[in-house]
Amino acid sequence: MSDRIEQVLNEALAAIAAADTPDVLNEARIRFLGKKGSIQALMSEMKNLSKEEKPAFGQKVNSLKTAVSEKLEQRMAELSAFAQKEKMAAEVLDITLPGTKIDAGTIHPLIMIQQELEDLFVGMGYKIAEGPEVEEDYYNFELANIPQDHPARDMQDTFYIDPNTLLRTHTTAMQMRELEKAKGQLPIKLICPGKVYRRDDDDATHSHQFMQCEGLVVGEHITLADLKGTLEYMANAMFGEGRKVRFRPSYFPFTEPSVEVDVSCPFCNGKGCNVCKGSGWIEILGAGMVHPHVLEMNGFDSDKCSGFAFGVGLERVAMLKYGIDDIRNFYMNDLRFLKMFERFD
Ligand code: PHE
């Protein structure tokens, strides 16, 4: 009987040593330690032995079982350490290889101008307002003092979706929403940048889609001088130190008085060049004092408060700043054009 035990031990040790994967090792475990395995078979032979032989035999089979279990465990540990090592070797990274360059986009020049203006005005305590591009007639025209029969409503200028809904033609629509929302509460100090749409034929200086940034301040004792100081500050920040601004009388339905604003030419410093067509001045925006009727329609007492507003075209600013001569460049998505602004990011 002892020979049989010895034989099973040798077979088991050989099978364990030969197992080169966890699966094969598991098969060996079942073959020797399983319910129908060789060691169990030895156990069941006990019943054929005499009473005297039984204890010694039992002990031997138990030691066999312990020895085989220990060897199995040890081999399993070896195999998994080996598998781990192989996995690490397979997954090794060569960090000396050159990387793949990810072609990142650049910030669009118009967004750059928008961000520049936002930083500038947030620095002066303005908040940034937002509003829908698909707008109600009421906010785009009615509240801005542009009644039904006003020429600015001409079908040629506006993309209508239905008689009461349109693509906003100016960021003034956002101003009106903000004035209405404020319910007469002072002060108001905000800018509203965004896209606007007009039925224009596209050419070098016109685009049916463009961007504006509007500013609005309403409070007590706000005057044209505040507007001028603010715009002068903006012109210096956007076009370089030493810019002057000048006001020329103009007309907008929602401001009274209204002005057209020129900046002294940043290219010739006001002396006259081909960019400013010899005049020394470049027109950059429209502005004015908020019309008292607009304040009243929005629930403000125009005897107790006043305000100024201005609206600047971002394409115009970008074209001047970067020397771009065709507005359509901004909307062509030509990477050669867009990549030029990488260095300004
Ligand atoms: N809304 C005007 C435009 O689109 C610009 C403007 C804004 C003028 C605010 C005066 C005050 O041309």
Side-chain angles (χ1 to χ4, degrees), residues 110 113-114 117 121 126 128-129 131-133 135-147 150-154 156-159 166-180 188-200 205-219 222-232 234-235 245-263 282-295 297-298 300 302 306-317 319 327:
L110 294 177
I113 299 287
Q114 176 179 339
L117 285 168
F121 281 97
Y126 286 60
I128 299 169
E133 285 172 37
E135 185 54 283
E136 290 171 39
D137 179 285
Y138 183 64
Y139 294 105
N140 196 79
F141 291 133
E142 204 75 39
L143 276 188
N145 205 22
I146 307 176
H150 195 281
R153 284 178 168 236
D154 197 308
Q156 274 180 7
D157 295 330
T158 308
F159 288 109
L166 43 81
L167 295 184
R168 70 180 175 210
T169 59
H170 51 184
T171 40
T172 309
M174 281 190 265
Q175 264 197 45
M176 295 310 141
R177 282 181 176 271
E178 290 297 320
L179 280 174
E180 186 190 54
I188 292 177
K189 205 171 165 189
L190 53 90
I191 56 164
C192 27
K195 294 191 194 106
V196 297
Y197 304 86
R198 285 186 204 171
R199 287 182 47 159
D200 256 334
T205 52
H206 295 87
S207 170
H208 63 279
Q209 177 192 319
F210 57 105
M211 291 190 78
Q212 288 187 327
C213 179
E214 208 137 315
L216 172 69
V217 174
V218 183
I222 301 290
T223 69
L224 209 60
D226 296 315
L227 173 63
K228 195 160 186 186
T230 305
L231 294 180
E232 208 160 71
M234 179 177 96
V245 296
R246 103 179 158 181
F247 285 180
R248 280 180 292 111
S250 186
Y251 171 76
F252 296 106
F254 34 85
T255 47
E256 179 58 36
S258 301
V259 291
E260 213 66 77
V261 182
D262 299 339
V263 180
I282 295 180
E283 181 189 325
I284 60 155
L285 53 84
M289 299 306 290
V290 182
H291 198 299
H293 188 222
V294 170
L295 291 174
M297 272 193 291
N298 282 296
F300 291 84
S302 64
S306 55
F308 68 69
F310 60 87
V312 58
L314 300 195
E315 283 79 356
R316 179 116 181 91
V317 174
M319 285 167 88
I327 195 171

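Both counts, for ligands and for their atoms, begin at 1 and track the order of listing. The figures that follow rest on heavy atoms only: side chains count, while hydrogens, waters and symmetry mates do not.
With sequence neighbours excluded, the residues forming a side-chain contact (heavy atoms from CB on, under 4.5 Å) with T205 are D203, listed by chain and number. For the side-chain contact (heavy atoms from CB on, under 4.5 Å) test, residues two or more places apart in sequence or in another chain that qualify with E136 are Y138, Y139, R177. Residues meeting the side-chain hydrogen bond (donor to acceptor under 3.5 Å, both in side chains) test with E214, sequence neighbours left out: T171, T172, Q175.
Of the inter-residue distances, the one linking M174 atom CE with I128 atom CD1 reads 11.0 Å to the nearest 0.5 angstrom.
Summarising the geometry of T158 relative to L167, their closest heavy-atom pair is CG2-O, 4.5 Å, with the distance given to 0.1 Å.
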N/O pairs closer than 3.5 Å, ligand 1 and protein:
unit_1	atom_1	unit_2	atom_2	d
ligand 1	1 (N)	H170	ND1	3.2
ligand 1	1 (N)	T172	OG1	2.9
ligand 1	4 (O)	R198	NH2	2.8
ligand 1	4 (O)	Q212	NE2	2.9

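Side chain of N140 to backbone of T169: a donor-acceptor contact under 3.5 angstrom is found.
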